[in-house]
2 protein chains.
Amino acid sequence: MTKSAMAFLPSSEENGLALDEMAYRRLRRALVTGTMLPGDRLSIRGVAAALGVSAMPARTALRRLAAEQAVDLLPSGTAVVPRLTRAGFAELSAIRAELEPLAVRRAAPHLTEADFAALAALVSAHDAARETSEAEIIQAADRDFLFLIYRAAQAPLLLGLIETLWLRRGPLFGAMRGQRGILGGMRHRHGEILEALRARDAEPAAALLRSEIEEATRFIQSAVRFEGDDTAAERLAAIGRSGA
Amino acid sequence: MTKSAMAFLPSSEENGLALDEMAYRRLRRALVTGTMLPGDRLSIRGVAAALGVSAMPARTALRRLAAEQAVDLLPSGTAVVPRLTRAGFAELSAIRAELEPLAVRRAAPHLTEADFAALAALVSAHDAARETSEAEIIQAADRDFLFLIYRAAQAPLLLGLIETLWLRRGPLFGAMRGQRGILGGMRHRHGEILEALRARDAEPAAALLRSEIEEATRFIQSAVRFEGDDTAAERLAAIGRSGA
DNA sequence: TTGGTCATAGTGTGATCACATTTCTCTTGT
DNA sequence: ACAAGAGAAATGTGATCACACTATGACCAA
């Protein structure tokens, strides 16, 4: 287990929970927030030691994350934080572009005035954080805005799938955070989406979110170096092609 | 654990596998084929005994299925085969109607002549089975046709999500099998889809599949009694509303 | 007969251990 | 200096056990 994998957040108020739930939540949080870097190995005993529990809850939590595709499993059974390739990112985005607008469509009739107020506050929070380029805050406001809507869709299966996708996307964003100014290039349309939802125009709201996802995807595809882009193996293959 | 839950298929050629993989596959197979009925309880020790293994692999397999939402977990931690409600089925179908056409779209450029031949054979197999109303065979041909395409999409994440959906849908189909003639009411458009794919017309193929899913959903919604339709709890609530 | 109480069997959790396998490292030979 | 091999450390699997909790059913009182 690598050093970075050891960096778990200090225990929150998760005391009444079963140990394996606790382990699962900590690992999950570390994954979505980008604390874990792609390629990090997570061994059962290593996680157990870092969390101060025995191997059993660590194993359960790791296997659960693997079932959700939030981590990959080496042939040996060791868990590893997924390396998102360019193709993998494209696939992930394409799925998001189908499912998240669906959630928006279903949420539209259910949103209350209180929801709208909370959403408006999150749009402001996002804009404020944008001024100061605080990556974590921006991403958190972004996430909260969208998931407030997704939860309102009252579609537990759909919500679970979307969470899976975000879980998978987490490590990439952690890796991206190193590149300064990346977030500055991304526009969001949360304000327009909120307006459409207020008018109960489900279809335009869904279309706006779809555009937002697609635009952000295009931007990231052009601005970010991905795992596997021009790696040692890649260069080796290139030598083979040109030199043979 | 109920009697029906004990009915696992006799061991196939799964001998070299790890015990927990074996347990997982057997349970999964029992789930998708509808061997398990909605509401069946699956206790760790019960599954372990039925499979002739210790509790550990049974627990691992059950928790993995729970993570995939293929089974639900009672507050006590006991696994139970999900009861699909009318709303749940609608949600499941809506998600399928987004994701499966996406897979078709992505598969179109990758399908080979050999794939087309196999698909044509599966269409024939389906039609033949239809004549004799063999539910299991029809459903198998259906499934194989679609998943051959989905696999060709070369999108592992998407494929995993679609498998999750089918896993969740399995028990419902098992319960439906009791109602005679249900399958007769469903049309499929696999022939047309195959034609469109042969012409590399990705978009029409995707649209056809979407229609097929939506039509089948409408038919099932109208023809099938769902869990929770007019159940004891439902009637109790009705009493509360009218009598208070 | 009905209602509540209590004991017993069953359940999930989690710790610990033995075993086989994988993975790393250090040494050795070329 | 580099590659290969042997030994050691680490790892996943799975069995077993103790513990706490839940539900099931029997039993007794009203």
Side-chain angles (χ1 to χ4, degrees), chain A residues 1-6 8 11 14-28 36 39-68 70-83 232 236, chain B residues 1-6 8 11 14-28 36 39-82 232-233:
Chain A
M1 153 166 256
T2 63
K3 242 191 329 191
S4 73
M6 291 293 185
F8 296 105
S11 139
E14 310 159 327
N15 287 350
L17 284 147
L19 290 187
D20 64 353
E21 260 293 317
M22 185 272 280
Y24 169 74
R25 294 196 191 182
R26 293 245 202 119
L27 287 172
R28 182 189 172 107
M36 306 295 210
D40 278 357
R41 280 175 148 74
L42 300 172
S43 80
I44 292 175
R45 285 171 170 87
V47 169
L51 261 47
V53 298
S54 87
M56 182 70 57
R59 167 151 55 155
T60 305
L62 248 12
R63 288 296 170 270
R64 180 168 167 193
L65 290 167
E68 289 172 337
V71 299
D72 290 335
L73 251 35
L74 300 177
S76 71
T78 303
V80 50
V81 180
R83 302 187 133 87
L236 216 55
Chain B
M1 154 167 256
T2 63
K3 242 191 327 189
S4 73
M6 290 293 185
F8 294 104
S11 138
E14 310 159 326
N15 287 349
L17 285 145
L19 289 186
D20 64 352
E21 259 293 318
M22 186 272 279
Y24 169 74
R25 294 198 189 180
R26 292 245 202 120
L27 287 172
R28 183 190 170 106
M36 306 294 211
D40 278 356
R41 279 174 148 75
L42 301 174
S43 81
I44 292 176
R45 286 172 170 85
V47 169
L51 262 46
V53 299
S54 88
M56 181 72 56
R59 167 150 55 152
T60 306
L62 248 12
R63 288 295 169 272
R64 180 166 167 193
L65 289 167
E68 289 172 337
Q69 308 214 45
V71 299
D72 289 335
L73 252 34
L74 300 176
S76 71
T78 302
V80 49
V81 180

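Quantities reported herein were computed from a predicted structural model and do not represent experimental measurements. Scope of the values below: all heavy atoms of this structure, side chains included, with no hydrogens, waters or symmetry mates. Labels below follow one simple rule: chain letters A, B, ... track the order of the sequence lines, proteins then strands, and each chain is numbered from 1.
For the pair B:T78 and C:dG12, the criterion of a side-chain N or O lying under 4.0 Å from OP1 or OP2 is met. The shortest distance between the side-chain N/O atoms of B:S43 and the OP1/OP2 oxygens of C:dT11 is below 4.0 Å. Phosphate contact (OP1/OP2 of D:dT13, side-chain N/O of A:R63, threshold under 4.0 Å): present.
Using a 4.0 Å cut-off between a side-chain N of Lys or Arg and a carboxylate O of Asp or Glu, A:R64 and B:E68 do not qualify as a salt bridge.
DNA chain D is contacted by both B:R45 and B:V53; B:V53 maps to the nucleotide lying nearer its 5′ end (nearest heavy atom per residue). Toward the 5′ end of DNA chain C lies the nearest nucleotide of A:D20, the other residue of the pair A:S76 and A:D20 mapping further downstream.
Atom C1' of nucleotide D:dG12 and atom CG of B:L19 are separated by 13 Å, given to the nearest angstrom. Rounded to whole Å, atom P of D:dT13 lies 10 Å from atom CG of A:L62. As a whole-Å value, the separation of B:E21 CD from D:dG12 C1' is 14 Å. When the C1' atom of C:dT13 is taken as reference, atom CZ of A:R64 falls 14 Å away, rounded to whole Å. As rounded to whole Å, 17 Å separates atom P of C:dT13 from atom CG of A:L51. As a whole-Å value, the separation of A:Y24 OH from C:dT13 P is 15 Å. Between the CG atom of A:L42 and the P atom of D:dT11 there is a distance of 11 Å, rounded to whole Å. Going from atom CE of A:M56 over to atom C1' of C:dA18 covers 14 Å, rounded to whole Å.
With a 4.5 Å cut-off on side-chain heavy atoms, A:M22 and A:V53 count as touching. Within the 4.5 Å cutoff, the side chain of B:T78 has no heavy atoms near those of the B:L73 side chain. In this structure the side chain of A:V80 never reaches within 4.5 angstrom of the side chain of A:V71, judged on heavy atoms.
In this structure, the side chain of A:T60 engages the main chain of A:M56 through a donor-acceptor pair within 3.5 Å.
For A:R59 against C:dG14, no side-chain N or O and base N or O form a donor-acceptor pair under 3.5 Å.
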